[in-house]
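Worksheet: one structure, shown below.
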Amino acid sequence: MDKSAEISDLVEEHVNDGDTIFVGGFGHCVPFALCFEIIRQGKRDLTLCRSGTDILFDIMIGAGVASKVIFGYLGNPGIGLGHAFRRAVEAGTLTYEDWTNMSMILRFEAARQGIPFLPARILQLGDIANASIPGTIEVKTIDCPYTSEKLACIPALKPDVALVHAHQSDRSGNVQLIGVDGDMFTGALASEKILVTVERFVDTARITRLPEATRIPAYRTTAVAAVPWGAHPSYVEGVYGRDDDQYFAYDREARNVEGLEDYLRRWIYNCANHSAYLNAVGKKRLNVLEEQASRREIG
Amino acid sequence: MDKSAEISDLVEEHVNDGDTIFVGGFGHCVPFALCFEIIRQGKRDLTLCRSGTDILFDIMIGAGVASKVIFGYLGNPGIGLGHAFRRAVEAGTLTYEDWTNMSMILRFEAARQGIPFLPARILQLGDIANASIPGTIEVKTIDCPYTSEKLACIPALKPDVALVHAHQSDRSGNVQLIGVDGDMFTGALASEKILVTVERFVDTARITRLPEATRIPAYRTTAVAAVPWGAHPSYVEGVYGRDDDQYFAYDREARNVEGLEDYLRRWIYNCANHSAYLNAVGKKRLNVLEEQASRREIG
Amino acid sequence: MIGLPVAIRLALAAARELQNGEVCFVGIGNPSDAALLAKHSRAPELTLIFESGVVGSNPISKPPLSTGSPSVAEKATMITDGLAVFSELQAGRIDVGLLSAAQVDLFGNLNSTVIGSYNQPKIRMVGSGGAHDIACLVKRLIILMPHDPRRFLEKVDFITSPGLSDRRSDLKLPPGPVSLITERARFSFESGTAALSATMPGYSEEDAVEGLSWKVKKTPDFASIEKFGKKELEAARSCLQYLFN
Amino acid sequence: MIGLPVAIRLALAAARELQNGEVCFVGIGNPSDAALLAKHSRAPELTLIFESGVVGSNPISKPPLSTGSPSVAEKATMITDGLAVFSELQAGRIDVGLLSAAQVDLFGNLNSTVIGSYNQPKIRMVGSGGAHDIACLVKRLIILMPHDPRRFLEKVDFITSPGLSDRRSDLKLPPGPVSLITERARFSFESGTAALSATMPGYSEEDAVEGLSWKVKKTPDFASIEKFGKKELEAARSCLQYLFN
C-alpha cells in the first residue's frame, strides 16, 4: 500500500486537536518540519510527551499548540532552561507532569508491549512521586509476588500519534534510521498512529539490503512524506550536522515573549512551508552543515 | 582490555558444572562449536535455557551434560521431535520446565532490565501453568494497580553464562551481528557472564563503522574466541548457509541410543577440536554452504 | 484437486482465510505454506511475521525449517528481535495467526506438548514454542490440521494453546480460534464449538467428518467452497513446489 | 592551577574519582567533561555510556550539547536504545555515575526541578532527565558542583535525585552518593552526611567550606589531594579546549 503523502496532509489528516503526541528525536532526527507544520496549521490543546525533549517542545509551548507536557527533561539541551516552558509554568497556563527519562521510556515500553505497567526500582525515593507534594505524579507500588521486593509500577502511556523523522523509507512505509535512537522507536511503536518524514524515498529493494536498520515496519506507518532537512536544526547521522548555533540563538531570543514571537515569525509563520524555511536558513548554512556530517552511509 | 582467548579456555575457565547456561542462536548463529567443546570437556549437571531450541539442546541432553532444561520449544525445528529429550523425559532422567517462546523471552528481558518479573497476558489459560497438573510450572498473577486487569507475572531468569556465536568482534569484545536475532541478545545481556565465538576478529575501527550492529558491548563480554564455522550446521548470515541435511541426518540417527552415540562419536568425541570437526565435515561441503550464503556484508 | 498432496490442499484451503493487507504471525510448516500461498495469490500485501523477529518475510527461495532459517530473513523488510514481535502480538496489533498441532479438540484447544500424561507421557513432544502465545494473543486464530481423525479429540491430552474460553473476556484476551481448516472442510467456532461451515472442493459433508468422534453441527451459512482458481493453483506449484516431491 | 577556569578545575578534581576499566554513565556538561578527561589521562579504558543509547563513546571532536549529539555517536563502539542502557543501570551493571544539579544538600539530595515550591516555583528548571534514575540505580554516584554557596543548602527545595536514605537498603537500591566534588574540595558521604575528605591543590580547608551554611565535619582520612600531573593538564587542554575560551 502506498503510504506516501505531503507533509501538510500528514498533519491535516492525522493530527487532531486534543491528541496526545509523542515527539520523536533524542537529539538526533528531531521532527522539526513536522512540528512546525503543526504550528502553522494552528492545532490546539495537544499533549506532548517524550523523555528528554529538544527545544521543539519549548517552541510548541511558546506557539500555544500544547496545553500539557509529559516529560523527563524539558529545556534546551546543554544550554539552559526552556524559557517558554518556564514562563508558562510560572504563569500557571500549562499542565505538566514531571517524570524521568527512564520512567518515560518505560511508560512507552509498557504500551509497546501491550501491558498496563512495567515494574521498576526508580521513583520510590525523592519528590518526583511524592503524595505530600501536590501536583507531583502518583506512582503505585507493589510487592513482587516472587521476591517481596517493593517496586514502582510505571504506568503505560500510549500516545495517539507519534512524529518521527528518519533517513529513508520506501513508499509503503518501511522506515530506516542509523545513529542515535534514545526512546524514538520505543515511543513510536507504542503509539496508535505513526507519522513519518524522511530525507528520501528509496525502493523496497534498498530497504532489504539492511533490514536491521528498519525501525518501523510498513504496517505500522500511518503516512510518510519525503522532507529533506526535516530535522534541521537537529541533525541526521551521515546526512547533515547539528546546527548548534540555532540552539544558542533560540536560548537568547526566547528569553522574553517578544523575542520568542520574533523567532516564531521568522522561522515558522513567515515561512509558508518547509521550502520557505530552508530558504530562510540559507543555502550557505546548509552547505556547512552538510560538510559537518559524519562519513557514514545507511545500507 | 584484551578478552580474546582460545575456545577451550572459554569453556575451561568460565563454565562450571551446575551452571545455568543460556544457549544463543535462534536458528541463526547457533553456538555449536562452543557446546561441542563443553561436551568434549565433560561438563556436568548443566541447566540449559532458551526460548526455541535447536538440535544442540537435544545433543547436549544425549551427551549427558545437561540435567535440566528450561525452554519454550525443544526439538528439531521443522523436522520433528527431540529424540534424546523424548527418551530422557519418558525415562524420568531429566528435569524440565515447559514455558513458551514469548515467556522465555520475557524471563530474560526481566533479568536484562534488572527487575524480578514482567507482567504479561499469557500463561493464564491452558495447562502449561496449571496448578492441578503436577510438574507444570507455577506462575503467580497480580491485579494491575491501575486497571485491575489480571496479569501473569513472568519471573526473571538470570543465567550464569551465555553462549553466543556472532559475525565479528574486536579483541576487547565488542560483538557484532546482522541477521536473525530472536532472543539471542536478550538472553545474553540477561546473563552474568557472556562467552562469545566469532567468525573473525576485526579492528575496533571496523566496529565503529556500524555501531548499530554491536549487540554486546565490550564491558559485558567475558571472553571471545575466533572460531570460523563456529555455528555449523546452523548458519551465519552472509557468511555460510544452513546445512539442512545435517538436521535431517540427526533426526534419522538420534532415533535410538546407538545411533545417537554414533553421531556423538563421529562429530564430537572423535574430533579433538573444532578444526578436526571441520575436517570431518569436509571442505567440499563447506564450499557448498559458502556458496549458499546470502550476499550481505556486515559494516 | 483430490490428486494434489494433502499439504497442498490444506494450504490452499487455509490461504482462503487470509485477507489482503492483513498482518499474519506465522509458524513453520502448514502455517507458513498457507501464508506464503496466500501472499502469492489472493493477498499480495499480506505481511508475514515470524517469531524470530523477522517482519515482511517472503521465504520463497527454500521452505524454511526454522523461523530463523535463511529464507525467512532473505529479502525481509525488517529484522528485529523476538521481544518486538511478541510485543506487537500482545498489544493486539497482529490481525491473524496460523497454528497447527498434534491434537485439537472441539473448543479449539491445541496440544503440542505430550501424548498421555504430562509427567509420564507416552510421547513427549516439542512443547509450545510460540503457539501458546499466538493462541492467547492474536486477534483471529486459524487452526490448520490434516484430516486425521486420531488427532481430533473430545478433549486434548494437554492444553498447550488455549482455544475458546469463558475467561478470555475477563482477561481482556481476544476471542481465540475462528476456524479450523482441514484439506476437506472448514469448521467455524462462532457457536462455541467447532461447527461445519464449508466443505472444500471435491469433498462431501460426509468426507468432512469421516471418522471424527466429534458431534459436529452445521453452521446456518454452511456452503461448499468454490473451486480453487488458476492463480491459487499456480502459486501453489511455484511457492510450494517442495510439497509435490 | 588556580588560574585555570573553574570548569576545568572541577573536571580535573572529578576525574580523580574514576578508575581505569570502569563503566561510567555520563550526563552533559561538567560530568561529561570529567569523564572525557579521565579517559584521556588516568583511565584510558573507561567506558562512557550516554542515556541516548550510546556505549563506548569518546566525544572529543566537539563538546556535545545533547546526549544525542553527533560527537557522542561519532566513533562509538555501540549504538543501542535508551531502554538498553537504563536497563544496564537498573540491573546494577554500571560502576559509576556523574551528576550535577542546581542545588545539593548535606545528604547528597539534588534538585534540578524547581527553585521555590513545586506548584508555584520562582524558577522552573528542566526537571530530572536521567538524573533521578542514575542517582537511584548507579553503584557509585559522584556529585559535581562548582563551589557556589547559594547552591549548597541544608535541604534542597525539591528532591529530584535522591541522596542518602535509610530506605535504600529496603528497596534494594545501591547506597547512593559517595562523594561531592567541587573545584576546591572533595566531600565524602561515608559517615552519613557530606564530610570534608580532601582539599584540591591550591585550596585550604577554609577555602573548601567558604560561605557554606553546612556544618561540615572532616573525615578521619582527610588529606590534601596531590597536584594534578602533566598528563592530566595536557588532557584537559586537548579534550576540554572549549572551556579555555
Side-chain angles (χ1 to χ4, degrees), chain B residues 25-28 51-52 54 71-82 85-90 92 98-103 105-106 109 120-128 130 133-136 149-150 178-186 234-235 237 241-242 244 247 292-294, chain C residues 28-29 50-54 62-70 72-74 76 79-83 86 89-90 109-114 117-137 156 158-163 165 167-168 170-173 176:
Chain B
F26 201 101
H28 179 222
S51 58
D54 201 272
F71 64 94
Y73 164 99
L74 208 165
N76 190 335
I79 296 177
L81 303 188
F85 171 57
R86 178 186 168 180
R87 280 193 294 273
V89 169
E90 290 164 25
D98 267 280
W99 293 79
T100 71
N101 281 6
M102 179 177 175
S103 57
I105 294 175
L106 293 177
E109 176 65 9
R121 299 183 188 282
I122 54 171
L123 291 179
Q124 300 185 88
L125 293 176
D127 289 337
I128 295 178
N130 184 342
I133 300 183
T136 58
E149 296 162 89
K150 219 173 248 330
I178 54 171
V180 167
D181 184 319
D183 61 350
M184 201 178 327
F185 297 104
T186 312
S234 80
Y235 75 109
E237 181 75 41
R242 190 174 191 267
D244 286 349
Y247 287 83
Q292 287 173 2
S294 70
Chain C
I28 294 295
F50 287 85
E51 59 173 8
S52 53
V54 181
K62 197 177 182 185
L65 288 173
S66 153
T67 62
S69 272
V72 172
E74 196 186 349
I79 299 182
T80 177
D81 63 9
L83 180 62
F86 279 115
L89 199 58
Q90 186 166 247
N109 293 304
L110 299 175
N111 176 16
S112 53
T113 303
V114 285
S117 79
Y118 182 71
N119 284 290
Q120 294 177 315
K122 273 204 289 223
I123 304 178
R124 169 67 218 203
M125 300 182 292
V126 295
S128 160
H132 170 95
D133 312 311
I134 296 170
C136 286
L137 301 171
V156 292
F158 184 93
I159 301 177
T160 310
S161 307
S165 164
R167 293 187 56 223
R168 280 187 173 261
D170 271 1
L171 295 170
K172 297 200 182 159
L173 295 177

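Heavy-atom basis, side chains included; hydrogens, waters and symmetry copies ignored. Each chain gets a letter, A, B and so on, in the order the sequences are listed, and its residues count up from 1.
Looking at C/D133, its side chain does come within 3.5 Å of a backbone N or O of B/M102 through a donor-acceptor pair. Of the possible polar contacts, none joining the C/E51 side chain to the B/N101 backbone as a donor-acceptor pair under 3.5 Å is found. Checked by atom type and distance alone, the side chain of B/D183 never pairs as donor or acceptor with a backbone atom of C/L83 at under 3.5 Å. Under the 3.5 Å distance criterion, the side-chain polar atoms of C/R167 are matched with a main-chain donor or acceptor of B/Q124.
Distance check: B/L74 CG to C/M125 CE gives 13.5 Å after rounding to the nearest 0.5 Å. Put simply, OG1 on C/T160 and CG on B/D127 are 7.5 Å apart, with the number rounded to the nearest 0.5 Å. Within the model, atoms CG of B/L123 and OG of C/S128 stand 8.0 Å from one another, a figure rounded to the nearest 0.5 Å. With values rounded to the nearest 0.5 angstrom, B/I105 atom CD1 is found 5.0 Å from C/F86 atom CZ. C/D81 CG to B/F185 CZ: the interatomic distance, rounded to the nearest 0.5 Å, is 10.5 Å. Separating the CG atom in C/L173 from the CD1 atom in B/I122 is a distance of 10.5 Å, to the nearest 0.5 Å.
Contact count against chain B (heavy-atom pairs under 4.5 Å) is highest for C/S66 among C/A131, C/S66, C/G127. Across C/C136, C/S52, C/P162, the residue that shares the most heavy-atom pairs under 4.5 angstrom with chain B is C/S52. Between chain C and the options B/G80, B/G82, B/G179, B/A293, heavy-atom pairs under 4.5 Å are most frequent for B/G179. Of the listed residues (B/I79, B/V89, B/T186), the one with the most heavy-atom contacts under 4.5 Å to chain C is B/V89. Interface check for chain C: of the options B/G27, B/G182, B/G75, the most heavy-atom pairs under 4.5 Å are formed by B/G182. Interface remark: of the candidates B/L106, B/D244, B/D54, B/N76, B/D244 forms the most heavy-atom pairs closer than 4.5 Å to chain C. Chain B forms the most heavy-atom pairs under 4.5 Å with one residue out of C/P64, C/G82, C/G53, and that residue is C/G82.
Only the side chain of C/T113 has a heavy atom closer than 4.5 Å to any heavy atom of chain B. Both the backbone and the side chain of C/L171 come within contact range of chain B, with heavy atoms under 4.5 Å apart. For B/F71, the part lying under 4.5 angstrom from a heavy atom of chain C is the side chain only. For chain C, the nearby parts of B/F26 are the backbone and the side chain; heavy atoms of each come within less than 4.5 Å. Proximity to chain C (any heavy atom under 4.5 Å) is shown, for B/S51, by neither the backbone nor the side chain. With a threshold of 4.5 angstrom between heavy atoms, C/I123 approaches chain B through its backbone and through its side chain. Of the two parts of C/T80, only the backbone, made up of N, CA, C and O, holds a non-hydrogen atom closer than 4.5 Å to a non-hydrogen atom of chain B. With a 4.5 angstrom heavy-atom cutoff, C/N119 touches chain B via backbone and side-chain atoms both. Looking at B/S234, there are no atoms closer than 4.5 Å to chain C (heavy atoms on both sides), in backbone or side chain. Residue C/Q90 touches chain B through both its backbone and its side chain, counting heavy-atom pairs closer than 4.5 Å. Of the two parts of C/S69, the backbone and the side chain both hold a non-hydrogen atom closer than 4.5 Å to a non-hydrogen atom of chain B. When heavy atoms are compared at a cutoff of 4.5 Å, C/K122 approaches chain B solely by way of its backbone atoms N, CA, C and O.
The heavy-atom pair separating B/R242 from C/L65 by the smallest distance is NH1-CD1, 3.4 Å. Residues C/S165 and B/L125 come closest through the heavy atom pair OG-CD2, 3.6 Å. In terms of heavy-atom proximity, C/A73 sits nearest to B/V180 at CB-CG2, 3.9 Å. Nearest heavy atom pair, residue C/R124 against residue B/R86, reads O-CG, 3.7 Å.
Partners of B/Y73 under the ring-ring contact (aromatic ring centres under 6.0 Å, His included) rule, at least two apart in sequence or in another chain, do not exist in this structure.
Using a 4.5 Å heavy-atom threshold, the side chains of B/E237 and C/P70 count as separate.
Evaluated for a side-chain contact (heavy atoms from CB on, under 4.5 Å) with C/F158, the options B/D98, B/N130, B/I128 yield exactly one hit, B/I128.
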Original post:
Can you check side-chain contact (heavy atoms from CB on, under 4.5 Å) on B/K150 and C/D170, steps first, answer last?
Top reply: CA-CA 8 Å; B/K150 219 173 248 330; C/D170 271 1; over 6 Å; no
